[in-house]
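Just so you know, these numbers use all the heavy atoms, side chains as well, and skip hydrogens, waters and symmetry mates. Computed from a predicted structure; not experimentally measured.
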Protein chains: 2
Amino acid sequence: MTSTARGARARARIEVTAAIKEEARRQLAAEGAARLSLRAVARELGMVSSALYRYFPSRDDLLTALIIDAYDSLGEAAESAHAAVAQEGPRQRWVAVCTAVRRWALAHPHEYALIYGSPVPGYHAPQTTVPAAARVGLLLIGIVRDAHRGPGLADLPLPADLRPEAERLVADLAPDLPPAAGAALVAAWAQLYGLVGFELFGQFHRVVEDREPFFRHAATRLADQVGLP
Amino acid sequence: MTSTARGARARARIEVTAAIKEEARRQLAAEGAARLSLRAVARELGMVSSALYRYFPSRDDLLTALIIDAYDSLGEAAESAHAAVAQEGPRQRWVAVCTAVRRWALAHPHEYALIYGSPVPGYHAPQTTVPAAARVGLLLIGIVRDAHRGPGLADLPLPADLRPEAERLVADLAPDLPPAAGAALVAAWAQLYGLVGFELFGQFHRVVEDREPFFRHAATRLADQVGLP
DNA sequence: CCCGCCGCAAGAGCAGTGCTCTCTTTTTTG
DNA sequence: CAAAAAAGAGAGCACTGCTCTTGCGGCGGG
């Protein structure tokens, strides 16, 4: 039905949609999500603003499309960085993925802010974004799971009051992982984004100057924290 | 000069300024920074919008005032939580401060987003905010420094390429701290905000459900990471 | 004591925003 | 080929931050 261009009309629709997203992404990268304006996008594309609503019913829908693209772009960057070191040990792979996330964030600050900064108020991400959002997470889970199949995965502490939650968590995410590792993994995942966010949003200004080795070391210690050998 | 009300005029100015901030804070808490409108604030206060510019020359200046207040409120929450356990060990004090930060963030999500979420594009925090912003950091530094004076502070790893940066860092922040502890402290500080931010911004939705013990455990492991006994 | 000045408020206005509605043109489809 | 669906154009609404001009009224210096 909606697949490959049944007519010139459908093909044009795909092209215009892509052009809108492209221009919107340009404005997002240049000015940030708050300054992204439908009218400005339309103006730049030589169309009238109301015409744009035929393609995206609201500004939030455009933002949602950009969010999914951003998640995908980040996921792809992480995955290709991981593929390049797939033969190495879990630690190297972990650090490689973390480094890729940081590098992508530094290269696309506004996109990163869009997906991992404070959500635009009033806006609630629809379920559509979930698969794209999960890509980096799945990568990290895979690394820890692989490590768990091999030797040397450290024993991690797990307080009694956290055990039920940790068991539920690994049941959903990675059934072959010990609960303590699952909990540590999720915590490390959040902490990774704390490190990246602080650097990106200027919190390290005049505190950390040489940020590359600092991040590398922190990422390595995160690997410790999830018990990677 | 600018001190205690030289006349009724000056007193009124202080009161109106306070009323503006109060109403702005209400709107911030209810709707978030992006939806905070000068005109709406003025309307609610029964004044015309242009009059408000006599008190805050721009929307950004109002936001800056709210940011400082938010930092102060968070700092005070953390400090009073710390004071309540000042007699206990470094771990307990560390976890108490982390917990207070989380609790404050959950109680004031939009304020938290304002200071630790993605910065409003085009807006750059003036130097005025720095002292208020530093309060929680100073608290954490103090805990680690105290621990370092006592026994049991763990030896932390420090890669060679990070040493110069770590030395510079402790020279600025806490000269009596070993460089490795300083680097670990800054990393832990960032990671704390990663944990809080992920929970607050919905990234843990359907992943972590029982968040209180989860956070508690993660904060405890952060204490490990900075070598607290 | 009083007059002039300055702080303050009010109102109009500018340029911009998201979004809706109607009207016309163009293309697809039964 | 005619009816229906899709797309574009343009006007318009309610809102935003911000500026400018115009008046009013309390305060300080002569």
Would you say B:Glu209 has more than 12 foreign heavy atoms packed within less than 6.0 Å of its CD? yes
Whole-Å distance, B:Arg35 CZ to C:dT17 C1', equals 13 Å
Those residues that, when tested against B:Phe204, pass ring-ring contact (aromatic ring centres under 6.0 Å, His included) (two or more places apart): B:Phe198, B:Phe214
Axis-to-axis angle across the helix from C:dC1-D:dG30 to C:dG30-D:dC1, five pairs an end, to 10 degrees? 10°
Per-nt protein contacts along nucleotides 4-15 of chain C (heavy atom under 4.0 Å; B base, S backbone sugar-phosphate only, - none) come out as ----BBBB-B--
Gap between atoms CZ and C1', on B:Arg59 and C:dT17 respectively (whole Å): 13 Å
Take atom CG of A:Asp60 and atom P of C:dT17, then tell me their distance rounded to the nearest Å. 17 Å
Presence of salt bridge, A:Glu22 and A:Arg25, under 4.0 angstrom: no
Atom-pair distance (OH on A:Tyr53; C1' on D:dG8), nearest Å: 15 Å
Whole angstroms only, please: what is the CG-P distance between A:Leu62 and C:dG18? 10 Å
Parallel, tilted or perpendicular: which fits the ring planes of B:Trp189 and B:Tyr193, with parallel below 30° and perpendicular above 60°? perpendicular
Atom pair distance, as rounded to whole Å: CG in A:Leu63 and P in C:dC19: 10 Å
Pair A:Leu173, A:Val186 - check side chain to side chain contact (heavy atoms under 4.5 Å, CB included), show working. CA-CA 10 Å; A:Leu173 254 52; A:Val186 174; 4.2 Å; yes
If you look at every strand shown and take non-hydrogen atoms under 4.0 Å, does B:Leu45 touch a base, only sugar-phosphate, or nothing? nothing
Rounded to the nearest angstrom, tell me the gap between atom CZ in B:Phe56 and atom C1' in D:dG17. 16 Å
Closest heavy-atom contact between A:Val170 and A:Gly182? CG1-CA, 3.7 Å
Residues, nucleotides or ligands: over 12 heavy atoms within 6.0 Å of B:Arg211 CZ: yes
Are a donor atom and an acceptor atom from the side chains of B:Asp61 and B:Ser58 found within less than 3.5 Å of each other? yes
Rounded to whole Å, how long is the line connecting atom CG of A:Leu38 with atom C1' of C:dG16? 13 Å
Which atom of B:Lys21 lies closest to which atom of B:Ala65, heavy atoms considered: CD-CB, 3.8 Å
Ignoring backbone atoms, establish whether A:Arg43 has a side-chain N or O less than 4.0 Å from OP1 or OP2 of C:dT17. yes
